[in-house]
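Note that ligands are numbered from 1 as they come in the structure, with each ligand's atoms numbered from 1 the same way.
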Amino acid sequence: MTYQIPSALIEEANGAALPAHEDDYGALARRLARRGIAIEPITAAVSAFAVAVPTWGVGTGGTRFARFPGPGEPRGIFEKLEDCATIHRLTRATPTCSPHLPWDKVTDYSELRERAAALGIGFDAVNSNTFQDQSDQALSYKFGSLAHTDKAVRAQAVAHNLECIEIGRKLGSKALTVWIADGSNFPGQSSLTRAFDVYLEAMAEVYAGLPDDWRVFIEHKIHEPAFYSTVISDWGTSLMAAEALGPKAACLVDLGHHAPNVNIEQIVARLVRAGRLAGFHFNDSNYGDDDLDSGSADPFRLFRVFYELVDAAARKAPGFDPAYMLDQSHNVTDPIESLMSSASEVQRAYAQALAVDRAALTAAQEANDVMGAHQIYKAGYLTDVSPILAEARRRSGGALDPLGVYRASGYRARKVEERPPVAGSSSGIV
Ligand code: RM4
Ligand code: MN
Ligand code: MN
């Protein structure tokens, strides 16, 4: 049996921290009440909020220059699941993981599903990978996959996506996320029109393979690894593709995949309006697809996105059912610490958005009270909702202070003993 953080350790730490926590929670409740906002519905909503952990995120990531492996890294999907379970055990915010194939391929998927269930983890959207070549692969993706000029390469990429659906079915997943690296590096290198046409043709075959209760998430990205054009470059292209494919297709927003300074929350509002918001890959960025920890660089942006989500849910926007996933690369931190903190930052943005007085905001907007509206909106962001997050965790058996308990447990040191490095093991993205 491998090491898991004992419940007793969580309970003991919670016990010691409880008096101060109750004091803080009570003070916040009174403070919110003065603004006409009840704390309990926010705490209940945060408790019910979940975000999936990317299986590739529990390994140390890297840049195109280097990867510096961390100690005690998971050496395969079974160990990745253990780390995902640890994150959920302490935060109670991450009951599912989002697998990446073929990285997480195994021979027996019922064993994988059972092992995950025993650890209290389920499977969210399955991610396909046609942006790398695998050793057993017949044709190369160097010049593209689903949008390759050669039909045989496109067929190979379609077959991989169909296999991902099959594997996802065995794991209990209900969605396939497709991000393609296809694009071009030189003006004139490829036909901007034909590339999109053949992509749609290939994706129609993937779409035809979706079970009735499945969805396909189309993930756009403006650049990288292609640096002149990407085939699925932005939300407009993504929406065109989703509408061409059918009702089971929707648009996934990765927060790092936009042009600099783009108003992401407005994209979210538009996709909600179109009934095509698939969900999110949360992360943060300063420059591009930096894959930094959620809420670490621009927590206000995360709040702004969540305000649109809270608004859409309150309006009961038709077809609004986004999937929430983290998608980050942890190059210089312990990935478990980063993922715990990111799950909490996403919940923070949600709680802050819930702390906006929507009725007052609408009234100020309608009256063109510019500064009034801005202050009402900003008041949500400026609320320190930490006690709500802690209380939501405590009520579901998690830790008031996940990072503190994680560090005190010595989990990583135990994993260093249990997981001696194996040659050729690779986790994360270089
Ligand atoms: C891409 C994109 C995808 C992720 C890969 C690893 O930039 O964000 O979602 O699967 O990276
Ligand atoms: Mn992504
Ligand atoms: Mn990305």
Side-chain angles (χ1 to χ4, degrees), residues 51-64 67 77 80 97-105 123-134 141 144-147 157 160-161 164 167-168 173 175-183 215-227 229-235 237-238 241 250-260 262 264 267-268 271 277-294 296-297 302 305 322-331 335 338-339 342 346 426-430:
V51 61
V53 165
T55 56
W56 61 102
V58 290
T60 307
T63 67
R64 65 200 173 92
R67 187 178 93 88
I77 182 61
K80 289 182 196 172
C97 68
S98 189
H100 222 303
L101 298 164
W103 293 339
D104 297 331
K105 264 192 170 182
F123 290 94
D124 216 282
V126 179
N127 299 263
S128 62
N129 178 342
T130 60
F131 49 85
Q132 291 174 329
D133 284 349
Q134 309 301 326
Y141 293 134
S145 59
L146 289 170
H160 167 67
N161 277 283
C164 287
I167 293 172
S173 173
L176 168 73
T177 299
V178 182
W179 171 68
I180 55 163
D182 299 42
R215 292 192 293 161
V216 61
F217 299 163
I218 302 167
E219 181 177 3
H220 68 268
K221 175 165 160 173
I222 192 169
H223 81 304
E224 197 204 21
F227 288 112
S229 70
T230 60
V231 177
I232 307 299
S233 51
D234 54 21
W235 72 277
T237 309
S238 177
C251 311
L252 184 132
V253 177
D254 181 310
L255 295 192
H257 288 191
H258 310 266
V262 146
I264 300 175
I267 293 173
V268 171
L271 290 175
L277 177 68
F280 293 87
H281 274 178
F282 291 117
N283 50 55
D284 212 335
S285 68
N286 288 309
Y287 301 103
D289 192 24
D290 306 0
D291 281 335
L292 299 172
D293 290 14
S294 297
S296 65
L302 195 55
V305 165
Y324 300 116
M325 292 163 274
L326 298 168
D327 179 8
Q328 309 180 158
S329 179
H330 313 107
N331 305 345
S338 271
L339 287 162
S342 300
V346 170
S426 160
S427 323
I429 306 135
V430 180

Inset, instruction - Report, in ascending order of atom number, the atoms of ligand 1 lying under 4.0 Å from any heavy atom of His281. - result: 9 (O)

Inset, instruction - With heavy atoms under 4.0 Å as the rule, classify the contact between Asp289 and ligand 1 as side chain, backbone, both or neither. - result: side chain

Legend entry - Proximal atoms of ligand 1 relative to His257 (non-hydrogen, under 4.0 Å): 2 (C), 7 (O), 8 (O)

Inset, instruction - Report the name of the N/O/S atom of Asp254 located nearest to the Mn ion (ligand 2). - result: OD2

Legend entry - Contact (N/O only, under 3.5 Å) between Asp327 and ligand 1: yes

Inset, instruction - Verify ring-ring contact (aromatic ring centres under 6.0 Å, His included) between Tyr287 and His223, making sure each step is shown before the conclusion. - result: CA-CA 12 Å; Tyr287 301 103; His223 81 304; over 10 Å; no

Inset, instruction - For the pair Trp56 and Asp327, evaluate side-chain hydrogen bond (donor to acceptor under 3.5 Å, both in side chains) and give the outcome as yes or no after the intermediate values. - result: CA-CA 8 Å; Trp56 61 102; Asp327 179 8; 3.0 Å; yes

Inset, instruction - Just let me know how His100 lines up against ligand 1, side chain, backbone, both or neither, with a heavy-atom cut-off below 4.0 Å. - result: side chain

Inset, instruction - Keeping the roles fixed (side chain from Asp104, backbone from Pro99), state whether a donor-acceptor pair exists under 3.5 Å. - result: no

Inset, instruction - Show your working on ring-ring contact (aromatic ring centres under 6.0 Å, His included) between His257 and His281 and close with a plain yes or no. - result: CA-CA 10 Å; His257 288 191; His281 274 178; 7.4 Å; no

Inset, instruction - Consider every N or O of Asp254 and every N or O of ligand 1, then say whether any pair is closer than 3.5 Å. - result: yes

Inset, instruction - Using a cut-off of strictly less than 2.8 Å, determine whether His257 has an N/O/S atom near the Mn ion (ligand 2). - result: no

Legend entry - Within-4.5 Å side-chain heavy-atom neighbours: Leu255 and Ile264: yes

Legend entry - Proximal heteroatom of Glu219 relative to the Mn ion (ligand 2) (N/O/S): OE2

Inset, instruction - Could you say whether the N/O atoms of Trp103 and ligand 1 ever approach to under 3.5 Å? - result: no

Inset, instruction - Assess the side chains of Ser342 and Gln328: does a donor N or O sit below 3.5 Å from an acceptor N or O? - result: yes

Inset, instruction - Would you name the heavy atoms of Ser285 and Leu292 that are closest together and state the gap between them? - result: CA-CD1, 4.1 Å

Inset, instruction - May I ask you to say whether Asp254 pairs ionically with Lys221, meaning some side-chain N is under 4.0 Å from a carboxylate O? - result: no

Legend entry - Atom of His281 nearest the Mn ion (ligand 2) (restricted to N/O/S, atom name only): ND1

Inset, instruction - Give the name of the N/O/S atom in Asp327 that lies closest to the Mn ion (ligand 2). - result: OD2

Inset, instruction - Could you check if a side-chain atom of Ser128 sits within less than 4.5 angstrom of a side-chain atom of Leu101, using non-hydrogen atoms only? - result: no

Inset, instruction - Go through ligand 1 atom by atom and flag the ones less than 4.0 Å from a non-hydrogen atom of Lys221. - result: 7 (O)

Inset, instruction - Could you pull out the atom name of the N/O/S atom in Asp289 that is nearest the Mn ion (ligand 3)? - result: OD2

